Amino acid sequence: MAGAVVLALLLLLAAMAAASVAAAGGCAGEAFSANRAYAACSDLPRLGASLRWTYDRGAGGELSVAFVAAPAAPGGWVAWGLNPAGDGMAGAQALVAVPSSSGAWEVRTYNISGYALGEPGPIAFPASDLAAELGADGRVRVFGTLSLAAYGGAGVLNQVWQVGPAVTGGVPAPHAMGGANLAAKAKLDLLTQTTTAASSSSDAIAKKRNIHGLLNAVSWGILLPMGAILARYLKTFRSADPAWFYLHVSCQLIGYGVGVAGWATGINLGNMSNGITYTLHRNIGIIVFALGTLQIFALFLRPKKENKYRVYWNMYHHSVGYTVIILGITNIFKGMTILGVEQRWKTAYVAVLCLLGVAAIILEVVTWGMVVKRRNAESKTFNSASNGHLPRHV
Ligand SMILES: *[C@@H]1O[C@H](CO)[C@@H](O)[C@H](O)[C@H]1NC(C)=O
């Protein structure tokens, strides 16, 4: 049984490897006019298109691209764009190459707001060096440089592309609605300048990133806030003393352990990423790790309950603890933006946070109720029996 599964998996892998070799045509050796060269190439999964690019994260965050595809018919148009708003056509910031009657090619920019192309106009990513030419093989090469400066932070973007029928009167007519046309969208990964030769290592990196995200979201993002809630509210229940303390410490130790693993994968990813660093994400990560480590050591330096310095230790412990949690959650959202994770993961994480928040609010109300009741009971005892305890409030 297990052998059959392994065999099936191996066959599947072999089929995938064969398919990726067969699709390598687009990226395999192509020379461009004007000595244009690019750091990375990716065969796009539909319409026989490919994209080459170089991303310079410096100053303007400049992305130079060469998009290659054959129009749907001779004299037709081709288009490529980034969509910062979603993964389809609506919202795409597109470069559309159209032939003119003189035979020269023109590249126009379109800020596409719906499912019609609309009029050419400025796009969200200032475009320069636009050019297009028709190759002897019938494929159109579209060149351009987009400035991503205003869209900093994202390392994985949504891209869309399309090919259309013959252009008459200079206006690109709608493309076909076939399966391949509608599915012509993918992620563009700027974090690693993947080349075709290294495509299997890019899969490994993608996997590493997912592991990094998962470990950190579970540890800094869920376990540590949970541990803080345990400590804050269980403490009020006398019967939970000292169980709350051990629960809190175990929760935070496990969270910290998983968090350190997540942090280490992050540092490793940072070292592997090709000239691109997410300085803020990285720095917040380092601060969170340092403060978290401090909390662990502080546990051993905790003064006894009766010690007059204990109150200061408590103040320190709470402020550093809450800082770690707030920074940790902030950084998880930053990381999700960098990786361009699907909305459903963001929604799932927000739902978990809401759940923790609601639990905290309910416990806050319950424990306040208990504290008030306890004080009332204590002051009643004082009034009737005068047992020597001063009431805590008058
Ligand atoms: C693109 O279109 C949208 C919606 O019509 C608009 O909000 C946005 O400002 C436009 N962007 C640019 C760069 O003109």
Side-chain angles (χ1 to χ4, degrees), residues 38 44 46-47 49 51-67 69 71 76-98 100 105-132 140-165 167 169-177 181-191 276 278 280 333-334 336-344 346-347 350:
Y38 300 89
L44 301 177
R46 303 295 156 118
L47 304 174
L51 184 81
R52 285 171 183 71
W53 75 92
T54 302
Y55 183 47
D56 176 6
R57 195 163 190 274
E62 294 205 325
L63 176 67
S64 305
V65 296
F67 171 74
W77 54 270
V78 303
W80 173 87
L82 291 174
N83 191 343
D87 69 355
M89 174 174 173
Q93 308 294 302
L95 308 181
V96 181
V98 284
S100 70
W105 283 73
E106 190 192 338
V107 181
R108 303 178 191 153
T109 55
Y110 284 84
N111 172 16
I112 304 173
S113 55
Y115 289 95
L117 193 54
E119 293 296 315
I123 55 173
F125 311 113
S128 55
D129 301 331
L130 297 177
V140 177
R141 288 133 177 83
V142 186
F143 306 104
T145 300
L146 301 179
S147 165
L148 306 190
Y151 193 61
V156 183
L157 299 163
N158 293 310
Q159 59 174 333
V160 290
W161 61 98
Q162 200 50 259
V163 299
V167 175
V171 182
H175 60 80
M177 289 294 179
N181 296 88
L182 298 184
K185 52 190 182 181
K187 299 277 183 192
L188 172 60
D189 190 341
L190 299 178
L191 288 176
I276 303 172
Y278 285 86
L280 189 59
F333 282 106
K334 281 213 165 308
M336 289 198 286
T337 303
I338 291 173
L339 295 190
V341 301
E342 285 169 44
Q343 186 57 43
R344 61 194 168 114
K346 288 188 193 165
T347 310
V350 170

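Order of listing sets the numbers, starting from 1, for every ligand and every atom in it. Only a predicted model underlies this, so the values are computations on that prediction, with no experimental measurement involved.
- Under the 3.5 Å distance criterion, with hydrogens and angles disregarded, a donor-acceptor pair is assigned to the side chains of Gln93 and Asn111.
- In this structure, atom 7 (O) of ligand 1 has its sub-4.0 angstrom surroundings free of protein heavy atoms.
- Nearest protein neighbour of atom 9 (O) of ligand 1, counting heavy atoms only, is Asn111 ND2, 4.7 Å.
- Of all the heavy atoms in Gly86 and Asn158, the pair that sits closest is O-ND2, 3.0 Å.
- Between Ser113 and ligand 1, no pair of N/O atoms sits closer than 3.5 Å.
- Residues passing the ring pair (Phe, Tyr, Trp, His ring centres under 6.0 Å) test with Tyr110, sequence neighbours excluded: none.
- Annotation for Gln162 and Trp77: closest pair CG-CH2, 3.8 Å, computed over non-hydrogen atoms.
- Close approach of ligand 1 to Pro122 is summarised as follows: ligand atoms under 4.0 Å from at least one heavy atom of the residue are 12 (C), 13 (C), 14 (O).
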